Amino acid sequence: MNIFDNYLEKIKKIVIELSKKNKLIIPSKLDGITAEVPPSKFNSDISTNVAMFLSKSNQKKPEDIANIIVQSIKEKDKFIDDINVIKPGFINIKFKPIFWTNFTKTIIENSKSFGVNEKEPKKNYLLEFVSANPTGPLHVGHCRGAILGDVISNILIFNKHKVVKEYYVNDYGNQIINFTKSIHARIKEILYKETFPVNDEDLYPGDYLINFAQNIINENKSIDFKNFDTISKQLTKLSINEALKLIKKNLIQLGVYHDNFVKESDLVNNDEVKKVVEYLEKNNFVYKGKIKAPEGEDKNKWVEREQLLFRSTDFGDDKDRAMQKSDGAWTYFAGDVAYHKNKLDRKFDYLINILGSDHAGYIKRISSSVDALSNTKGKLICKVSQLVKLIKNKKPFKMSKRKGDYITIEDLVSEVGKDATRFIMLNRSSDVELEFDFDNVIEKSKDNPLYYVQYCYARISSVFRHIKKDIKSDEVIKNYNFEYSKDEIDIIKKISEWPKCVEITCNKLEPHRIPVFLFELASLFHSYWNLGKDNPEKRFINNKNEISDDKLIFLKAVSNTIKTGMNVLGVTVPEKM
C-alpha cells in the first residue's frame, strides 16, 4: 500500500470533480501534481502541491485554489484529523490514529507485496556490471560497482521487473596476450626452474599467477609447455578460464551472481565486430578521417593518420571515435559497439551499464553508439561507481599485496565480512567517493549503520523468542480495534515511506536510498525501545509476561520492513547479536 500514490489519485479525482462543477479549470494532464512526505517541522503526514500546479491555469493565487480544494478533501475523507494551507500554497494533511491502524493491518495482510509498485508497467532490463579484465582477482576498485549492480538488479526484481545480469569478458587484445605470456613464464618457472622475468613491464607480476600456472599444469599433463607459439591459443583459453574461476569465487564471496558471461573473443570470432561496422557504414555513421591530438597529449609527437571513425559528434560527443587501429585490428571501442549491438538484438527495454570512475569519460561515446544502433534515445543508462578509500586507525589502510599491486575483495571480505562490505559500500550515493572505515564497521553503536539496523531486527526477535513465537511466521489477529500512540505512529509513518523509497530507487537507480531508509527506521525504533526503560506502557512485554495485539502487529510491521529492505541489499538479519 502506497499511501502517497493513493492520496495522489484521490486529489486528482477531487480536482476533476471540481472542474466539472466549474469551480476549477484543469489542464489536460495532471502529471505535475505530487503527494510527498512533508518537512519534519510540519505536524503533517502528506503534503501536496496541487494548488500551485493549478494556479497558472486558473489565474489565481495558490492559496485561494488551496482553500477550494481543502473544503472538498474534508468532505470526502473521514480519516483526516487536520488540514492546513502552507505558503506559498502547499496543502498539508494529518490523519487520525485510526488511519495508521488500518494502514498497519493492510501491510501485515499483504506483507509479501508491500513496497511493490503494481501499477507501474513492467520492463525487461539487461544489467552489465563488474566486467573487470580477466587477468586476476577482483580488487576493492571492482567491489563497489559489483555491489551497486547487484542491488540495482535486486530492487528491480523486487519491483517485478525482469532482469538479466551480465558480465562482459574482455578476453581479446594485447592485454590478454601479455597475461597468457605471464602465465607461461610462471609455468616455465615451475616446470623448468626458469627465473620469472620480473623486469619485463608487459608481464603481470602477481603471485596469484603461480596458482593459475600450477592448476593448468595439474589439469593438462599431456601438454608440452616449452614453446609458447605452439600452445598460445590453447594456453590463452586455459588462462582465461583460471582467471574467471577466481573472479567468480570473488563474486560469490560478495554474494554476487551473474546470469551470463559474454566473451569479447566470441564476438570477434563470430564476425560481430565486422558486421556492426558494416551496419554503421551502410547507415553513414562511420567515415575515413583524422583525429587531432587528445587533451594533454604532446601535439608535436602526435601523428595524425587516416582512420575509420564513428560519427560520435552527431550524437553529442566532443569528438568522433576510432573504430580501427593502424595495424587493422579493431579498437576496444569497436568491440564494445559490437557487444552493445548484441545486447540490442536481444530486445531488452533498457540496457544498464555500471562503470568504474576511470571509465566515466567513456559514457558519451558508448551512449552515442547505442543511439545510432537503436535509433532510440535513453535506451542505455550508465551509472558510475566512484572510488573507495579504506581507512583504519584514521589513516589509509593497506592490506596484503601478495596477490598483486592492489587490495583484493577476498582480503576485504575476510577482514570485515560480506554483510559489512555490502552495506557500507551502499551507504553513500555511488557518484561520490566513499570512505570505508574499518573502525566504524566493528563498532557496536550508532556509528556503525549495519550494526544499528541488524540490532533492530535482533531486538524484535528477542521479544518473539520470549513469547515463544517465530518471527518468520505470519501473524493473524481477529480485531484491529486499537489505536497507536504518537511515538508508534511516527515509526509507522516511516514504514509508510518504504514504497516511495522503492519507487525512487528504481526510477533513479540509486540503491543508497535503501540503507539510509533502514537506518532512519532503526533509529526511530531504538529510541522507542529505550522509552520502555522508564515507562512501562512503552514496553512490549507487560507485567503478565504477555504482549498485546497492537504491540505484536507493530513489531511485525517493523521487522518485516527491515527484513525486506535487507534482503534487497543482500545482507542478513541475525535473530541474535
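For the single chain, residues carry numbers from 1 onward in sequence order. Values below: all heavy atoms of this structure, side chains included; hydrogens, waters and symmetry mates excluded. Computed from a prediction, not measured in an experiment: that's the story for all the values here.
Counting only N and O atoms by type, the side chains of Asp411 and Thr408 include a donor and acceptor under 3.5 Å apart. Checking Glu166 against Tyr339 by side-chain atom types alone, a donor-acceptor pair falls below 3.5 Å. Between the side chains of Ser312 and Asp320, not a single donor N or O lies within less than 3.5 Å of an accepting N or O. Residues Asn353 and His340 bring a donor and an acceptor atom of their side chains to less than 3.5 Å of each other. Between the side chains of Thr236 and Thr180, at least one donor N or O sits under 3.5 Å from an acceptor N or O. Asp317 and Ser368 share no donor-acceptor pair across their side chains, judged by distance under 3.5 Å alone. Counting only N and O atoms by type, the side chains of Ser131 and Glu128 include a donor and acceptor under 3.5 Å apart.
With sequence neighbours excluded, no residue satisfies side chain to side chain donor-acceptor pair (under 3.5 Å) with His512. Residues satisfying the side chain to side chain donor-acceptor pair (under 3.5 Å) test with Lys76, not counting sequence neighbours, are Glu17. Looking at residues two or more places apart in sequence or on another chain, you find a side chain to side chain donor-acceptor pair (under 3.5 Å) between Lys165 and Asp150. Under the side chain to side chain donor-acceptor pair (under 3.5 Å) criterion, Ser429 pairs with Asp431, not counting sequence neighbours.
A salt bridge links Glu36 with Lys500: at least one charged nitrogen is closer than 4.0 Å to a carboxylate oxygen. Comment: Lys494 engages Glu497 in a salt bridge, judged by a side-chain N to carboxylate O separation of less than 4.0 angstrom.
Summarising the geometry of Arg144 relative to Ser430, their closest heavy-atom pair is NH2-CA, 3.5 Å, with the distance given to 0.1 Å. Between Asp474 and Lys556, the shortest heavy-atom contact is CA-CE, 4.5 Å. Taking every heavy atom of both residues into account, Asp45 and Pro38 meet most closely at O-CD, 3.4 Å.
In terms of modelled atom types and a separation under 3.5 Å, the side chain of His139 and the main chain of Ile407 share no donor-acceptor contact. Checking side-chain atoms of Asp171 against main-chain N and O of Glu264 turns up a donor-acceptor pair under 3.5 Å. Within the 3.5 Å criterion, the main-chain N or O of Thr104 finds no donor-acceptor partner in the side chain of Glu109. Not a single donor-acceptor pair under 3.5 Å links the side chain of Ser113 to the backbone N or O of Val116. Panel note: side chain Lys418, backbone Gly570; a donor-acceptor pair is recorded below 3.5 Å. With hydrogens and angles ignored, the 3.5 Å screen pairs no side-chain donor or acceptor of His258 with any backbone N or O of Asn260. Of the possible donor and acceptor atoms, one in the side chain of Ser496 sits under 3.5 Å from a partner among the backbone N and O of Lys493.
At most 12 non-hydrogen atoms from other residues, nucleotides or ligands lie less than 6.0 angstrom from NZ of Lys237. Applying the 6.0 Å contact sphere to OH of Tyr350 captures no more than 12 heavy atoms from other residues, nucleotides or ligands. No more than 12 heavy-atom neighbours from other residues, nucleotides or ligands sit within 6.0 angstrom of NZ on Lys13. In this structure, Asn375 places its CG atom where only 12 or fewer heavy-atom neighbours from other residues, nucleotides or ligands lie under 6.0 Å away.
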Could you give the side-chain donor-acceptor pairs of residues 270-282 under 3.5 Å, partners two or more places apart or in another chain?
from   : atom 1 : to     : atom 2 : distance (Å)
Asn270 : ND2    : Asp266 : O      : 3.0
Glu272 : OE1    : Asn342 : ND2    : 3.1

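Phe95 and Phe79 have their aromatic ring centers separated by at least 6.0 angstrom. For an aromatic pair to be called close, the ring centres must be under 6.0 Å apart, and Phe519 with Tyr451 fails this.
At least one test fails for Lys263 against the ring of Tyr167: distance under 6.0 Å to the centre or angle within 45° of the axis.
Applying the side chain to side chain donor-acceptor pair (under 3.5 Å) test to every pair with at least one member in residues 355-367, sequence neighbours left out, gives these pairs: Asp336-Tyr362.
You'll find the side chain of Ile147 reaches within 4.5 Å of the side chain of Leu254, heavy atoms only.
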